[in-house]
Structures are given as C-alpha cells and as structure tokens.
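Take a look at the structure below.
All residue numbers refer to positions in the sequence shown, counting from 1. Here the structure is a predicted model, which is why all the values come from computation and not from measurement.
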Amino acid sequence: MTITAHIIGTPKPQPRVKAFSRGGHAGVYTPKTADEWKSAIADQMRKHANTAIDGAVRVTMCFYMQRPKSHFRTGKYAHILKDTAPKHHTSKPDGDNLAKGVMDALTDIQVWIDDSQVVYLGITKFWEESEPGMSLVITTENE
C-alpha cells in the first residue's frame, strides 16, 4: 500500500519538552508552537485516519519552506529570484525535528500504530516561492 499527500501549511518542528518549577513542584510541558501545523496534517490526512498500518513502513518527506524577501530582487523585479538564491533550505528548523512532528501527528490519527514502525525515513528541505507545505509518501515495506 502507498499513501501520497501534499500538505499545505507552514512546516513547524516538534518542540522539545520544557521543565519548570512552581511552588516547590516540578513539572514538564510541551510548547504548543507546532499545534497549527499538526492540525493541518491531521485535517489533510483524515481520509487515512484509523488505517492503523501494521508492520514496517517507509516514509519520504519533502518540506517546502517559504522563501524570505532577501532571496528576491527589488523594485519592479521584486517577483524574480536573485541568481544567488539557494535551492535547498539549509538553516533551522532541522529536518529530523520537522519529521518528528509529522510522524507524531500521523500516529495521533492512527495512520499507523506507532512511528517506531518507520524503518526508512527520507527528508529533503527546499525553498518555495509560492505556497509552503510538504509532500509525503508512505509505503508499506511488504510492497
């Protein structure tokens, strides 16, 4: 079985758990910075919810990050990329943190039983001129 999707939205990394101390009690929490992105994934993958794929899974994710204005020319040519504008997104957020948020969202809606089933994970990050998002391919290993 193969599932393919293009998720529209601004990719956000899975935030790290934060620790705190209040009134002599310690606790931990996960910041909500990626909630909107994870909701977009869940909404756009809803037709595959409760699939609960069992067994080994291969996942390929290609993230498209919104280009900053500094990649474009100025004035009447502001819609044209500079010749020096990079193709690949080589700055933060890290690809593995982006992937973790996606895999957690897919686990939450039960596309698979657990993200520990992922035996291959391919990640690429590119700059995008128009709409940020992600292309996703999930393949069961028995194909």
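Between the E131 side chain and the G9 main chain, no donor and acceptor come within less than 3.5 Å of each other. When atom types are taken as modelled, the side chain of Q117 and the backbone of V57 share no donor-acceptor pair closer than 3.5 angstrom. At distances below 3.5 Å, not a single donor-acceptor pair connects side-chain atoms of D94 with backbone N or O atoms of D96. Without hydrogens or angle criteria, H89 side chain to S91 main chain gives a donor-acceptor distance under 3.5 Å.
Contacts classified as salt bridge (Lys or Arg N to Asp or Glu O under 4.0 Å) and involving residues 118-130 (residues at least two apart or in different chains) are given here: R67-E129.
Residues K100 and P13 have side chains not in contact (no heavy-atom distance under 4.5 Å, counting atoms from C-beta outward). L106 is not listed as a side-chain neighbour of V59, based on a closest heavy-atom distance of 4.5 Å or more. The shortest side-chain heavy-atom distance between T139 and E141 does not fall under the 4.5 Å cut-off. Using a 4.5 Å heavy-atom threshold, the side chains of L98 and M103 count as separate. For the pair L121 and I123, the minimum side-chain heavy-atom distance is below 4.5 Å. Using a 4.5 Å cut-off on side-chain heavy atoms (C-beta onward), W127 and H71 make contact. Considering only heavy atoms from C-beta on, L136 stays 4.5 Å or farther from H6 through its side chain. Looking at heavy atoms from C-beta onward, I8 lies out of side-chain contact with M134 at the 4.5 angstrom threshold.
Distance CG/D114 to CG/D104: 9.0 Å, rounded to 0.5 Å. The NE2 atom of H48 lies 12.5 Å from the CG atom of N50; values are rounded to the nearest 0.5 Å. M45 CE to I3 CD1: the interatomic distance, rounded to the nearest 0.5 Å, is 5.5 Å. Considering NZ of K76 and OG1 of T74, their distance stands at 11.5 Å, rounded to 0.5 Å. If you take CD1 on I109 and CZ on R46, they are separated by 5.5 Å, rounding to the nearest 0.5 Å.
The two residues G101 and K38 have their closest heavy-atom pair at O-CE, 3.7 Å. Listed here is the closest heavy atom pair of P11 and P132: CD-CB, 4.2 Å. I113 and A52 get closest at one heavy-atom pair: CG1-O, 4.1 Å. Considering every non-hydrogen atom in both W37 and T10, the closest pair reads CE3-O, 3.5 Å.
Hydrophobic cluster of V137: no remaining members, since no ILVMFWY side chain lies below 4.5 Å from it. The hydrophobic cluster containing Y77 also includes I80, under a criterion of side-chain heavy atoms closer than 4.5 Å among ILVMFWY residues, counted directly or through chains of members.
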Quiz item: Do V102 and M61 pass the side-chain contact (heavy atoms from CB on, under 4.5 Å) test, and can you show the C-alpha distance, the side-chain angles, and the key distance before you say yes or no?
Solution: CA-CA 9 Å; V102 173; M61 299 177 194; 3.7 Å; yes
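Criterion: ILVMFWY side-chain heavy atoms under 4.5 Å apart, direct or through other members. Under it, I138 and V118 are part of a common hydrophobic cluster. Clustering ILVMFWY residues whenever any of their side-chain heavy atoms sit less than 4.5 angstrom apart, transitively, puts I7 in a cluster other than the one holding Y64.
Close placement of the H88 and F126 rings is indicated, their centers lying within 6.0 Å of each other.
Counting only N and O atoms by type, the side chains of W112 and T107 include a donor and acceptor under 3.5 Å apart.
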